[in-house]
2 protein chains.
Amino acid sequence: MTRVLVIDDEPQIVRALVINLRARKYEVDAAYDGATALQLAAARHPDVVVLDLGLPDMDGVEVIKGLRGWTRVPILVLSARHSSDEKVEALDAGADDYVTKPFGMDELLARLRAAVRRAEPVGAGEDDALVETEGFTVDLAAKKVNRDGRDVRLTPTEWHLLEVLVRNTGRLVSQKQLLQEVWGPSYGTETNYLRVYMAQLRRKLEADPSHPRHFITEAGMGYRFEK
Amino acid sequence: MTRVLVIDDEPQIVRALVINLRARKYEVDAAYDGATALQLAAARHPDVVVLDLGLPDMDGVEVIKGLRGWTRVPILVLSARHSSDEKVEALDAGADDYVTKPFGMDELLARLRAAVRRAEPVGAGEDDALVETEGFTVDLAAKKVNRDGRDVRLTPTEWHLLEVLVRNTGRLVSQKQLLQEVWGPSYGTETNYLRVYMAQLRRKLEADPSHPRHFITEAGMGYRFEK
DNA sequence: GTCGTCCTTGACACAACCCTGACGCGTCCG
DNA sequence: CGGACGCGTCAGGGTTGTGTCAAGGACGAC
């Protein structure tokens, strides 16, 4: 199911969008200002963002930059401004499309479909994304971890952390990147979270948690997942 | 260099686009009808396509479908038609963006940049920047050094120093530059740091640390990394 | 309300890392 | 010949980073 984040301070526009999107089986979150929007984006990881540039608390371009700091989620900008400069600024800040108000709902939905479609990874749905080690198996598609024939129970945060590490198998992932991807863009420095959750992953998945072979610490730099 | 394929049957529009794009260092091919366009696309593999829907020989949507049969290249549609149905049809056929004539050149270029930007890193993230010598291998993306099949552990400072040297393979890097890049702009003179860390790199990577073959001292000037 | 799960937070011991100073060696030049 | 200088090497000690544990709070299920 595709998750959409709608950001607009005009309730009637939000309402219209929500109704139309829900009717088409999208899952919809809504925010009425930039700060809430950034928080929601971090918490919910939408598949596409619809953003009105005229927000009460901050410039819409700042919202774009805030999102682009950590995610490549498609951003579809709505705006009452027709000026070319505004469009260029928003697009160059990282927006994917720019629609001026008043807009036709059909067109907006078509642009939304286009944005979602091209964000889909090339081989989506075809590969079952299995990662195996000698100790356990991670199924990224099914969101399951198997160890000795038994499924391992992971909390949402544990899974999220594992996912980021596994998607970068062999590569070093910096603490900042892990924190921002799992906890959100404003958590770049809370390294204690990482320590706690890395320990939990090791306890659940490593044969000898105090001598990890798969979840490797690179002191001062980050962590690395090795098969 | 980014390659653009422009498809339009109006010569003055093609001319305007070609001039503007070439001025911005794009490489441009042009076609005046759909059949030529499909041929050119296959032969030249453009990074982005600008397509006018009103072509003499075939419907623009057919061109989109023809392209989408084998490529995910971004397609930016130009059209004189403002109707919502046309837009939806083109977008759902696989277009990435839809701009109505008359259009502002600035806006078109911004939309083009957005389309190219979002298509780019798909391939860029996959290739590892590997640097090999006969003794060891440096993977800049994964932050990994391999020697005799084993991963070598580097501290953050060691890695940072190695990175600067490797990114300047074969070139002499002055002590001042190394110090400032690794330790910060105010550390231009603490050459003893360099001596210590260069020795550690050699001990970990050189076959015979006291006779270095890759980390070469240029007395009084700086250091040089050689494959 | 009570229970259970999950996330956050703080404290502490231990390990890893960085800086520092001392010394030896070779080269250059007075 | 001898001192100055630049470089390589080594090992101690202070600082920073990491692993671990346990307690408290938020939240939803029952």
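Just so we're clear, the structure is a prediction, and the values are computed from it rather than from any experiment. Chain identifiers are assigned alphabetically (A, B, ...) following the order of the sequence lines, protein sequences preceding nucleic acid strands; residue numbering begins at 1 within each chain.
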Distance-only polar pair, side chains of B:Asn146 and B:Arg150, donor-acceptor under 3.5 Å:
no
Do we see a donor-acceptor contact under 3.5 Å between the side chains of A:Ser79 and A:Tyr98?
yes
Heavy atoms from C-beta onward define the side chain here; which of D:dC7, C:dA16, D:dG8 lies closest to that of B:Gln175?
D:dC7
Checking contacts here: which listed nucleotide (C:dC19, C:dC7, D:dG19) is nearest the side-chain heavy atoms of A:Tyr223?
D:dG19
Kindly say if [X] contacts the phosphate of [N], meaning a side-chain N or O under 4.0 Å from OP1 or OP2.
X: B:Thr157; N: C:dC17; result: no
X: B:Thr217; N: D:dG8; result: yes
X: B:Ser210; N: D:dT9; result: no
X: A:Arg195; N: D:dC21; result: no
X: B:Tyr193; N: C:dC18; result: no

Could you tell me whether B:Tyr187 contacts a base, only the sugar-phosphate backbone, or nothing, with contacts defined as non-hydrogen atoms closer than 4.0 Å?
nothing
When the distance from NZ of B:Lys204 to P of D:dG8 is rounded to whole Å, what number comes out?
17 Å
Passing option when B:Asp97 is tested against A:Arg118, A:Lys87, A:Arg111 for salt bridge (charged side-chain N to carboxylate O under 4.0 Å, His left out):
A:Arg111
Using the side chain to side chain contact (heavy atoms under 4.5 Å, CB included) definition, which of the options A:Val49, A:Asp47, A:Leu5 pairs with A:Val73?
A:Val49
